[in-house]
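A quick write-up on the structure given underneath.
First listed ligand is number 1; within each ligand, the first listed atom is number 1. Atoms considered below: every heavy atom in the structure, side chains included; atoms not considered: hydrogens, waters and symmetry mates.
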Amino acid sequence: MHHTSVALTGLGSYLPPQRITNDSLCDRLDTTDEWITSRTGIRSRYWAGPGVATSDLAVEAGHRALKSAGLDAEPGAVDLVVLATTTPDYPCPATAPDVAARLGLGPVPAYDIAAVCSGFLYALAAASAQIVAGLARTALVIGAETYSTILNPADRTTNVIFGDGAGAVVLSVASDQEPGLLLAMDLGSDGTGRDLITIPGGGSRGRATMAEPAVDGHYFTMQGKKVFTEAVKRMTESSQTVLDRLGWTPDQVDWLVGHQANVRILNAVARGLGIPQERAVINLDRVGNTSAASIPLALADAAADGSLTPGSRILLTAFGGGLTWGAAALTWPDITAA
Ligand code: UT7
């Protein structure tokens with residue numbers, strides 16, 4: 001039987017206009033630019049203002065990805081929309097159908113993926129599998145977040161790390177020869193670590209009641225130190241699995257594009273894999289940790305500065321709440337990111 005190949009054929013990204021510097025956070029939190037920069041590598045992040053929802057960022061990034069793929073936002077442009085997010089517009093319904101409708105994509109299947117910071121890789125796997133199975137020929141895969149809406153304003157650890165933003169790619173049925181092919185993926189989870197990254201309230205275990213307005217339970221919490229250790233271990237292992245599957249040596253990886261959580265994590269993963277640190281794409285200094293939007297935003301920055309060229313061998317990896325993790329390998333396509 002002929003095996004269907006899937007290629008990345010478009011990339012778009014969007015950041016909300018309001019840039020939040022480290023110094024501006026020091027005004028209201030007990031923190032310093034020195035601590036944030038040295039412990040995380042982050043210098044600024046972007047936060048959506050009041051009234052801006054995740055779908056608003058997703059629509060912008062989606063438009064740009066379609067444009068980058070040479071597609072008009074119209075019915076028939078794509079036949080699947082998958083949105084990875086931890087900050088959906090509502091607990092119900094999913095945000096993806098709204099995004100598909102506002103992009104004018106017609107009555108396509110559209111659903112959300114909840115895998116926290118690994119969400120983009122999970123969405124990539126789901127969409128590419130639907131293409132391989134013949135359920136779609138072209139898919140729009142979006143990672144979009146507004147963590148600013150779930151941060152506890154009193155929690156200095158999370159406030160300094162997370163940012164808002166959206167990135168999107170178009171996946172299409174491909175010929176085996178073209179650059180941009182998705183070559184291998186690995187995904188995993190460990191639910192015993194569910195409490196390390198959580199929003200405890202609002203779900204079936206901690207439902208908000210009409211009687212007592214839920215407050216703290218609706219904020220995002222993270223046990224940073226434990227997450228750090230797990231993130232390095234899982235991203236390194238998952239990446240190694242993908243490299244082994246392809247028979248790639250570390251020096252065959254042109255760019256390591258990891259989830260932008262912490263520069264120390266990314267350096268440790270590169271070191272663990274034997275990939276020189278200079279080949280790890282870093283844009284968290286500018287955008288912070290944007291969770292499911294992180295990888296496409298990093299790809300967009302690396303494409304914009306000319307680092308990614310057609311045929312470049314790219315290793316993606318992510319780790320997040322769940323716990324979840326994953327890695328993927330692809331070659332860079334001949335596209336202009338928007
Ligand atoms: O995106 C999903 C995956 N997420 C991640 O991968 C995040 C992983 N974790 C991390 O990146 C790091 O653990 C953090 C950046 C969150 C924290 O860095 P750390 O080096 O692990 O610091 P720590 O939590 O061990 O805290 C060290 C000290 C503590 O003070 P004491 O107990 O030593 O007196 C904290 O209270 O730093 C303090 N601290 C801060 N100080 C100034 C924590 N946050 C801050 C802050 N400003 N913002």
How many angstroms lie between CG in L171 and CG in L182, if you round to the nearest 0.5 Å? 6.0 Å
Test salt bridge (charged side-chain N to carboxylate O under 4.0 Å, His left out) applied to E230 and R234, K233, K226, the passing residue: R234
Hey, could you give me each pair passing ring-ring contact (aromatic ring centres under 6.0 Å, His included) that has a residue in residues 263-315? Not counting sequence neighbours. none
Can any side-chain N or O of N159 pair as donor or acceptor with the backbone N or O of N152 at less than 3.5 Å? yes
According to ring-ring contact (aromatic ring centres under 6.0 Å, His included), does anything in residues 106-162 pair up with another residue at least two apart or in another chain? List the pairs. Y147-F162, Y147-F220, F162-F220
Just to be sure I understand the cut-off, which residues have at least one non-hydrogen atom under 4.0 angstrom from an atom of ligand 1? D30, T31, W35, R39, T40, C117, R156, T157, V160, I161, M222, G224, K225, V227, F228, H259, A261, N262, R264, I265, N289, F319
In a table with atom names and distances, give each donor-acceptor pair under 3.5 Å that connects a side chain of residues 99-107 to protein atoms at least two apart or in another chain.
| unit_1 | atom_1 | unit_2 | atom_2 | d |
| --- | --- | --- | --- | --- |
| R102 | NH1 | S55 | OG | 2.8 |
| R102 | NH1 | D98 | OD2 | 3.0 |
| R102 | NH2 | D56 | OD1 | 2.7 |

